[in-house]
Amino acid sequence: MSRARKILAVTGGVGGAKLAVGLAQLLGPDELMFAVNVGDDFTHLGLHISPDIDSLTYALAGQNNQELGWGRAGETWQFIETLGSLGGDDWFRLGDKDMALHMRRSLMLQDGASLSAATQEITQRMGIAHRVIPISDDPIRTVVQSAKGDLMFQHYFVRERCAPSVHGFRFDGLSDAALNPALAAYLADCDGVIICPSNPFVSVAPVIEVAGLLQASAHIPCIAVSPIVAGAAIKGPAAKMMQELNMPATALAVAEHYEKSYPGLLSGFVIDASDQASIEQFPLPTIATPAVMVSLEDRIALASRCMAFLDELAG
Ligand code: FO1
């Protein structure tokens, strides 16, 4: 039986959402809160799109599209296909059901609601009891500095299919963004922080670099799960980015990146069992455990191991 009973999970995209689902099976709504990246957000076709909040919302509601890996289950595409036939922008595929969510959120924002309030309304309507909290209600926009110039994150990720070589990242708005007060209050008596297996450069950085988060979590054991397994990203461009940034695409390099960029943040690191052979080289307490989550059982097993690791670190 785990002792740590009030956990903050930091999540970005689809990989992070998988562990989030496992944690939500183990911990109740008073024991688990999600701090979500908003750096991927953008305004598109006049709508406010929050891809990482959406990925988590659909996953927690059991409504995620498993074939695509993003978007909503049971989707149809009449709107976007019709838009394309009329010469409109159709590179960012908004499904018909998904559109309803973006429309609802955008209208709430237009009416003066915060992103937090809009997210709470939508997640509750979708039957999610856990709190999904945008890291900030202020805009933060990830810009990928690439061989094709500065690209808004979705332009790099979806329109350019992550093809341009990257040499850095910028988070517009970050220095003016206020930490969501719900997170600050939760962290005051939180037992542990789990950084889900999300891309450290574009999913985790714009969350943990929001002013006040590192200070508020300084007294709390924090572990990160590697999104790199056996030299490859489980999903997305993390491994490609690391190579382009002249780093080896390994779990060890991810741990070293966290240690160098955020000294003292991590109390422990979690790698996949397939990387066990390198475990002695890690610069912080590290465990190896199956971290590739295919089934719900995999998600729960990894969540459970993370909880036990936090207990071990707390002594
Ligand atoms: N990802 C894609 O690869 N192609 C898409 O057309 C696409 C559309 C989309 C629409 C709404 C939404 O919430 C997410 C969408 N995603 C799409 C996923 C998303 O861009 C990425 O998974 C994240 O930004 C990466 O963390």
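One-based numbering, in listed order, for ligands and for the atoms of each. A quick note: this is a predicted structure, and the numbers were derived from the prediction, not measured.
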Exercise. Return the set of residues passing salt bridge (Lys or Arg N to Asp or Glu O under 4.0 Å) with D111 (not counting sequence neighbours), or none when no residue passes.
Key: none
Self-check item: Contacts of type side chain to side chain donor-acceptor pair (under 3.5 Å), residue R170, not counting sequence neighbours
Solution: D150, D172
Quiz prompt | Under 3.5 Å: donor-acceptor pair, side chain of K240, backbone of A163 | solution = yes
Quiz item: So, the side chain of T76 versus the backbone of Q78: is there a donor-acceptor pair under 3.5 Å, distance only?
Solution: no
Exercise. Any chance you could lay out the side-chain hydrogen bond (donor to acceptor under 3.5 Å, both in side chains) test for H167 and S165, step after step, and finish with the verdict?
Key: CA-CA 7 Å; H167 54 266; S165 171; over 6 Å; no
Practice problem: Check salt bridge (Lys or Arg N to Asp or Glu O under 4.0 Å) between E297 and all other residues, then give those that pass, not counting sequence neighbours. | Solution: none
Quiz item: Which parts of the protein, at residue level, reach under 4.0 Å of ligand 1 through a heavy atom?
Solution: G13, D40, P51, D52, D54, W70, W91, F92, R93, L94, D98, H102, F153, Q154, F157, V158
